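A quick write-up on the structure given underneath.
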Amino acid sequence: MSKKRMNSLVEPFLIRNGSTFRLKRVDPDDTGGFHGEKAAATEALRGSIDRLRGLQEKLYAQDQWGVLLIFQAMDAAGKDGAIEHVMTGVNPQGCDVTSFKQPSAEELDHDFLWRTVKRLPERGRIGIFNRSYYEEVLVVRVHPELLVKQKLPARSTKTDVFAQRYVDINAHERYLARNGYVIRKFFLHISKEEQTKRLRERIEDPQKHWKFSLGDLHEQARWPEYMEAYEHAIRHTATPHAPWIVVPANRKWFARLVVATAVVDALEEIDLAFPPLTPDRRRELEAGRKLLSARVTRARGGRGPRNT
Ligand code: ATP
Ligand code: MG
């Protein structure tokens with residue numbers, strides 16, 4: 001598939017300026033130009049994953065940029081599957097995935113970014129966050145009682161905690177961007193009906209029983225509040241250096257294609273290149289070449305220099 005078509009695939013869902021964003025403008029059933037053609041999309045996904053492999057090798061060799069991919073979604077939206085597909089395109093040595101669950105007592109004893117800062121990728125690597133500090137303006141916004149456990153001083157809770165957090169998150173992401181991080185944030189957007197279908201499968205299919213949690217149904221009952229929280233978060237934190245991609249996710253095959261292609265696009269936007277050859281490295285390579293040919297000559301019974 002041409003690069004142009006692939007770019008325009010992500011563009012409608014890429015939010016670089018959140019101020020006018022409306023969640024209802026993204027249809028979870030959307031399949032872009034694929035009009036439901038799963039086979040064509042799967043083929044395109046393979047293409048994106050191949051490109052990703054080449055780009056990651058340069059990222060790793062260049063050792064200059066860090067890549068942070070954040071995944072947020074309602075339960076059963078397919079975060080794990082999307083992450084798994086991106087991972088098939090990268091060398092596991094250059095990639096780390098961290099899942100953020102309910103914070104531990106130790107984590108609650110720190111500021112809300114602390115646990116994620118510890119898991120930021122090194123330069124040259126890709127870090128994937130399965131949930132993230134965005135939970136602090138999503139689940140915590142829907143369940144403000146969680147704030148009590150965070151032991152914030154009164155002066156922090158007198159003003160709108162969530163408005164403060166948007167500002168702090170933006171400042172944090174700007175800081176990371178200035179320090180060489182490429183950031184992409186994915187919201188896998190499913191409809192409530194699709195979630196019901198998937199949660200029912202978890203109950204009915206013995207292979208999926210382990211994934212079911214009654215808590216997911218309690219959260220589903222708060223659906224409109226979650227959607228409002230997502231919309232607000234995206235409106236306030238989509239920026240040119242840390243955009244959101246609101247991925248229509250009712251069709252898993254389309255969601256995975258959008259995610260993989262968005263990662264490829266992000267890596268193609270930066271100046272990835274293998275490190276240039278310094279004179280020292282050039283000499284080292286030349287010395288290696290001579291040494292190897294001498295060994296080959298000797299092994300064939302020829303006369304090469306000694307002690308090599
Ligand atoms: P799955 O899609 O398979 O259910 P999951 O990411 O939902 O995976 P779970 O162990 O089911 O994983 O849930 C993690 C839970 O932790 C979520 O309900 C999430 O809202 C919650 N959580 C994550 N971060 C925070 C936070 N900072 N404060 C409160 N709850 C959080
Ligand atoms: Mg869950």
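Both counts, for ligands and for their atoms, begin at 1 and track the order of listing. Computed from a predicted structure; not experimentally measured.
By the criterion of side-chain heavy atoms lying less than 4.5 angstrom apart, applied directly or through intervening Ile, Leu, Val, Met, Phe, Trp or Tyr residues, V247 is grouped together with F34 in one hydrophobic cluster.
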Please give the N or O to N or O pairs under 3.5 Å between ligand 1 and the protein, distances rounded to 0.1 Å.
from	atom 1	to	atom 2	distance (Å)
ligand 1	4 (O)	D75	OD1	3.3
ligand 1	6 (O)	K79	NZ	2.8
ligand 1	6 (O)	R131	NE	2.7
ligand 1	7 (O)	D75	OD1	2.9
ligand 1	7 (O)	R131	NE	3.4
ligand 1	7 (O)	R131	NH2	2.6
ligand 1	10 (O)	K101	NZ	3.1
ligand 1	12 (O)	K101	NZ	3.1
ligand 1	16 (O)	Q102	N	3.2
ligand 1	20 (O)	E135	OE1	2.8
ligand 1	24 (N)	K101	O	3.3
ligand 1	24 (N)	R115	NH2	3.1
ligand 1	27 (N)	R115	NH2	3.2
ligand 1	27 (N)	E136	OE2	2.9

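Rounding to the nearest 0.5 Å places CZ of F254 at 5.5 Å from CG of D30.
Using bins of under 30°, 30° to 60° and over 60° for the plane-to-plane angle, the ring pair H172/Y175 lands in the parallel bin.
Counting only protein N, O or S atoms, the number found under 2.8 Å from the Mg ion (ligand 2) is 1.
Taking the ring centre of F112 as origin, the terminal cationic atom of R165 falls inside the region bounded by 6.0 Å and 45° from the ring axis.
Under the ring-ring contact (aromatic ring centres under 6.0 Å, His included) rule, Y134 has a single partner from W244, F71, Y230, which is W244. Across L69, I234, L68, T237, a single residue satisfies side-chain contact (heavy atoms from CB on, under 4.5 Å) together with K185, and that is T237.
Of all heavy-atom pairs spanning A238 and I15, the tightest one is CB-O, 3.3 Å.
Here side chain to side chain donor-acceptor pair (under 3.5 Å) pairs that include residues 270-292, with residues two or more places apart or in two chains, are W65-D271, D280-R283, R281-E284, E286-R289.
By the 4.5 Å side-chain criterion applied to Ile, Leu, Val, Met, Phe, Trp and Tyr, L277 is assigned to a cluster that also includes L285.
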